[in-house]
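Because the structure is predicted, anything quoted here is derived from the model rather than measured. The residues of the chain are indexed from 1 along the displayed sequence.
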Amino acid sequence: MKRTTSLIALALLTAACAGTPEPPSTAPPPGLTVTLTQGRSDMPKHMLSVLMANSASTPVWVSDVRLTGPSFKDTAFARMDTAVKTVPVALRIPYGEANCAAGAVPDLRPATVVAHVRTGDGPLREVTWALPHPDPLLRKLFAEECEAFLVKQAVEIGFGPAWEEKDKALHGVVTVRRRNGNEAVTIKELSGNVHYELKADGATLAPGTAQLDIPVRITPGRCDPHAFAEAKIAMLFNARVALGAGEPRYLVFRSDAVQTPGGRLDELILGYARKTCGL
């Protein structure tokens, strides 16, 4: 009995000396780096790519990935199940809505990329990359989304439903409707994209006015077949809007969200452009 008690005491002493096991390191495998990019087709989808490169000789298996940081709402891990060897791999993931604030665009906060990876035959573990701050892509995405947030608090901007072909152009209106406040709202600029040109004069929604219709004309930006085949952001149009005496803010508005008597506006514009270009 005495010998048994001594062995138990020795075992407890050994366990105490060993202490709590160290948690797995969250440092990425040596040679595994990430960079954020965004393809043109991902712009309207609120997605970006984590470009992962591996300069080491050992392949790394990536189970899932996500972007996290206080400037954007968190999203779930995006499943990948991808091997990263010697050729960089673009891992497409959604990113959360920007955490904007009323009155001004906040400063961008640091962000990280988190992934579950396995190096060679090793165990799966969570690793983290601290992105260089400010990351240029995140700074652009955050600023544009929060500028649009400020504009949308005051007015709603979008295409009207009535359109007419005249003088080799498609004519319609962009409508500005007041939502809050009573200050002047100046549309400094309306513009198109690489596929369509949008021309309009500047205009102001005066204090006390509920709605403003701005005449616009759309023409093809390019007429080659390649441009039509690669029309990934053809539904996105741009505005620069000043609220009161403030600086102009950036806003994207869409043609695929508008119904015309003949169908969706983006389809109407595409049909007009193909006919005008002789395609």
Side-chain angles (χ1 to χ4, degrees), residues 20-56 58-120 122-153 232-233 236 249-252 254:
T20 304
E22 288 291 327
S25 170
T26 59
L32 193 67
T33 59
V34 298
T35 307
L36 299 186
T37 65
Q38 188 180 52
R40 186 179 296 172
S41 61
D42 282 339
M43 292 172 60
K45 301 174 184 176
H46 223 264
M47 297 189 72
L48 51 76
S49 291
V50 177
L51 185 63
M52 195 170 289
N54 185 7
S55 62
T58 305
V60 175
W61 184 263
V62 182
S63 173
D64 50 29
V65 183
R66 74 177 177 128
L67 175 75
T68 183
S71 290
F72 295 89
K73 291 179 171 59
D74 275 339
T75 60
F77 280 94
R79 192 77 179 176
M80 294 299 160
D81 291 333
T82 300
V84 184
K85 301 178 181 178
T86 56
V87 178
V89 178
L91 306 175
R92 295 176 64 247
I93 64 171
Y95 62 96
E97 293 181 4
N99 286 320
C100 303
V105 176
D107 291 332
L108 177 70
R109 305 279 296 281
T112 60
V113 171
V114 184
H116 290 94
V117 306
R118 184 175 68 245
T119 305
L124 193 69
R125 63 187 181 92
E126 184 174 285
V127 300
T128 300
W129 291 264
L131 295 170
H133 183 71
D135 179 87
L137 176 59
L138 292 185
R139 177 171 55 188
K140 173 180 177 293
L141 296 176
F142 182 71
E144 289 180 355
E145 194 163 332
C146 286
E147 286 191 5
F149 172 83
L150 294 175
V151 174
K152 290 175 182 177
Q153 298 302 296
K232 296 182 174 69
I233 57 170
L236 303 183
R249 304 290 190 182
Y250 180 73
L251 173 74
V252 173
R254 307 173 65 115

To check you understand the geometry: which heavy-atom pair defines the closest contact between [X] and [Y], and what is its length?
X	Y	value
L150	G103	CD2-N, 3.4 Å
P134	L108	CB-CD2, 4.0 Å
V62	M80	O-CB, 3.8 Å

**Request:** Sequence neighbours left out, what pairs pass salt bridge (Lys or Arg N to Asp or Glu O under 4.0 Å) with at least one residue falling in residues 44-56?
**Result:** none
**Asked** So which pairs with a foot in residues 126-135 pass salt bridge (Lys or Arg N to Asp or Glu O under 4.0 Å), sequence neighbours left out?
**Response** none
Partner residues of [X] under the salt bridge (charged side-chain N to carboxylate O under 4.0 Å, His left out) criterion, sequence neighbours left out:
X	value
K232	E230
E145	none
K73	none
R109	none

**Fill in**
Taken in chain and number order and not counting sequence neighbours, the residues that satisfy side-chain contact (heavy atoms from CB on, under 4.5 Å) with F149 are C100, Q153
**Message:** Holding to side-chain contact (heavy atoms from CB on, under 4.5 Å), I want the full list of residues that pass it with A56, two or more places apart in sequence or in another chain.
**Reply:** N54
**Asked** Does the side chain of S71 reach to within under 4.5 Å of the side chain of P106, using non-hydrogen atoms?
**Response** no
**Request:** Give the intermediate values and the outcome of side chain to side chain contact (heavy atoms under 4.5 Å, CB included) for residues V114 and W129.
**Result:** CA-CA 7 Å; V114 184; W129 291 264; over 6 Å; no
Identify each donor-acceptor pair in which a side-chain atom of residues 26-40 lies under 3.5 Å from a protein atom, sequence neighbours left out, and give them as a table.
{"from": "Q38", "atom 1": "NE2", "to": "M47", "atom 2": "O", "distance (Å)": "2.9"}

So, taking the atom named [atom1] in [X] and the one named [atom2] in [Y], what distance separates them when rounded to the nearest 0.5 Å?
X	Y	atom1	atom2	value
F142	D107	CZ	CG	8.0 Å
T119	L124	OG1	CG	9.5 Å
R254	I233	CZ	CD1	11.0 Å

In a table with atom names and distances, give each donor-acceptor pair under 3.5 Å that connects a side chain of residues 63-70 to protein atoms at least two apart or in another chain.
{"from": "S63", "atom 1": "OG", "to": "R79", "atom 2": "NH1", "distance (Å)": "3.3"}
{"from": "D64", "atom 1": "OD1", "to": "H116", "atom 2": "N", "distance (Å)": "3.4"}
{"from": "D64", "atom 1": "OD1", "to": "H116", "atom 2": "ND1", "distance (Å)": "2.7"}
{"from": "R66", "atom 1": "NH1", "to": "T75", "atom 2": "O", "distance (Å)": "3.4"}
{"from": "T68", "atom 1": "OG1", "to": "D74", "atom 2": "OD1", "distance (Å)": "2.7"}

**Message:** Quick check on side chain to side chain contact (heavy atoms under 4.5 Å, CB included): which of V127, L131, T128 does V113 satisfy it with?
**Reply:** L131
**Request:** Decide yes or no on side chain to side chain contact (heavy atoms under 4.5 Å, CB included) for L141 and H46, but give the supporting numbers first.
**Result:** CA-CA 9 Å; L141 296 176; H46 223 264; over 6 Å; no
Side chains of residues 88-98: which donor-acceptor pairs under 3.5 Å do they make with residues two or more places apart or in other chains?
{"from": "R92", "atom 1": "NE", "to": "D42", "atom 2": "OD1", "distance (Å)": "3.3"}
{"from": "R92", "atom 1": "NE", "to": "D42", "atom 2": "OD2", "distance (Å)": "3.1"}
{"from": "R92", "atom 1": "NH2", "to": "D42", "atom 2": "OD1", "distance (Å)": "2.6"}

**Prompt:** What do the steps show when you test E144 against V252 for side chain to side chain contact (heavy atoms under 4.5 Å, CB included), and what is the final call?
**Reply:** CA-CA 9 Å; E144 289 180 355; V252 173; 5.7 Å; no
**Asked** Is there any disulfide bond (SG atoms under 2.5 Å apart) pair reaching into residues 23-52, and which pairs are they, with sequence neighbours excluded?
**Response** none
**Request:** Please lay out, stage by stage, how Y250 and K140 fare under the test side chain to side chain contact (heavy atoms under 4.5 Å, CB included).
**Result:** CA-CA 11 Å; Y250 180 73; K140 173 180 177 293; over 6 Å; no
